[in-house]
Protein chains: 2
Amino acid sequence: MHTIEDIIRRMSSQGLRITDQRKTLAKLFSETQGYLAPKEVYEYMGKSYTGLSFDTVYRNLRVMEELGVLEQVIFEDGGKFKLHCRELDHHHHMICLQCGKTYPITFCPMEQTNVPDDFQVVKHKFEVFGYCKACVQEESAASGV
Amino acid sequence: MHTIEDIIRRMSSQGLRITDQRKTLAKLFSETQGYLAPKEVYEYMGKSYTGLSFDTVYRNLRVMEELGVLEQVIFEDGGKFKLHCRELDHHHHMICLQCGKTYPITFCPMEQTNVPDDFQVVKHKFEVFGYCKACVQEESAASGV
DNA sequence: CTGAGTGCAAATCGTTTGCATGACC
DNA sequence: GGTCATGCAAACGATTTGCACTCAG
């Protein structure tokens, strides 16, 4: 599991110093299932730190990504971050357009895809976008009679 | 087919004026198989027009996208444009990381994917990245003795 | 104590907008 | 000739960088 302690241990073992901000980041991401935009992270952090600056958030997100703790995905409205999934079990995601939470898809289309021999595959992306159960219910509750 | 004439006719029928720049854009995209970054479009256009400005390129790319002539995809290094594929035959793409050309994949993984009933699917993305035949050969020719 | 982490300000990059001039139809 | 298209410059948002100060180890 990706517990707070896991993340902190990982950063510490790579020579990073464990500051309060980084502890808070570890907590935030260990508790969040979905993708977070830098702005959202900044706002969350801002609750705990008065003199917080945007660039430090960016710096830490970047560091944690390079360290392999986080992964970044580029959406239409900018890059977002989430905890890096274990490489062990390769999978893809369903992503809720409302709340941003992700749900794993174990099926990998690459097995079924007929790639010509002369195309050297490096990586692939398979993402399903839509609305999760909770958000669908909320929606129908809000609009319903 | 998406010939220059097709594109121009499409723009003209929507009330757009056919300027030299737009003719050149139509030509460029009708001849390009892959994705083009705004900068690349600007550089290409710059060959023909001395006093070209970046914002006009952006404006025209945007207009052509809204018109449905082009489609935009967001990559790690920014948005890029290509001719909009016919909707008729739904398909996905292999994209060459070197030259940016795209090749169709007729297989659609959604048919095989087991989506839970409570997730309301809106759209999906399936992309295979790698190196096409031509770029692999160039690479090996350059590095090989 | 010493270097890594931080906040601040400014720089940078890609993209958009307001306005006056110029060109299509 | 009226309107849309263009170029210019400036605004803009997201992200990065240089520098002096602070704090974790």
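Because the structure is predicted, anything quoted here is derived from the model rather than measured. Below, chains carry the letters A, B, ... as their sequence lines are ordered, and counting in each starts from 1.
Closest approach of B:C85 and B:E71 over heavy atoms only: N-OE1, 3.2 Å.
In the displayed structure, A:Q98 atom CD is contacted under 6.0 Å by at most 12 heavy atoms of other residues, nucleotides or ligands.
In this structure, B:M11 atom CE and D:dC4 atom C1' are separated by 14 Å, rounded to whole Å. Spacing between atom CG of B:L52 and atom C1' of C:dG22 amounts to 15 Å, rounded to whole angstrom units. Going from atom NZ of B:K80 over to atom P of C:dG14 covers 12 Å, rounded to whole Å. One interatomic measurement links the two molecules: CD of B:Q14 to P of D:dC4, which rounds to 15 Å at whole-angstrom precision.
At a non-hydrogen distance threshold of 4.0 Å, B:P38, B:K39 from residues 24-47 of chain B come into contact with DNA chain C. The stretch residues 55-64 of chain B comes close to DNA chain C through B:D55, B:Y58, B:R59, B:R62, each having a heavy atom under 4.0 Å from the strand.
Side chains of A:F107 and B:Q112 form a contact here, defined as non-hydrogen atoms less than 4.5 Å apart. With a 4.5 Å cut-off on side-chain heavy atoms, A:H92 and A:H124 count as touching. Under the 4.5 Å side-chain criterion, counting only non-hydrogen atoms from C-beta, B:S30 is in contact with B:I7. Residues A:L61 and A:F29 have side chains in contact (heavy-atom distance under 4.5 Å, counting atoms from C-beta outward).
Distances shown here put every side-chain N or O of B:Q21 at or beyond 4.0 Å from the OP1 or OP2 atom of C:dA23.
The distance from atom CD of B:E127 to atom CE of B:M94, rounded to the nearest 0.5 Å, is 12.5 Å.
Note on the helix from C:dC1-D:dG25 to C:dC25-D:dG1: angle between the axes of the first and last five pairs equals 30°, rounded to 10 degrees.
B:V122 and A:V136 fall within the same hydrophobic cluster, where Ile, Leu, Val, Met, Phe, Trp and Tyr residues are linked whenever their side-chain heavy atoms come under 4.5 Å apart, directly or through other members.
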Please enumerate all protein N or O atoms sitting under 3.5 Å from an N or O of nucleotides 21-25 of chain D, with distances to 0.1 Å.
unit_1	atom_1	unit_2	atom_2	d
D:dA24	N3	A:R17	NH1	3.4
D:dG25	OP1	A:I18	N	3.2

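Screening residues 45-59 of chain A for side-chain hydrogen bond (donor to acceptor under 3.5 Å, both in side chains), with sequence neighbours left out, gives A:T24-A:Y49, A:S53-A:D55, A:S53-A:T56, A:D55-A:R59.
Contacts of B:G78 with the nucleic acid, taken as non-hydrogen atoms under 4.0 Å apart, are absent.
The existence of a salt bridge linking A:E31 and A:K27 is confirmed by a sub-4.0 Å separation between a basic side-chain nitrogen and an acidic carboxylate oxygen.
Applying the side chain to side chain contact (heavy atoms under 4.5 Å, CB included) test to A:S12 and every residue at least two apart in sequence or in another chain returns A:I18.
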Salt bridge (Lys or Arg N to Asp or Glu O under 4.0 Å) evaluation trace for A:E43 with A:K39
CA-CA 6 Å; A:E43 277 157 13; A:K39 200 193 301 183; 5.8 Å; no

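Here the two rings, on B:Y35 and B:F75, have centers that are under 6.0 Å apart.
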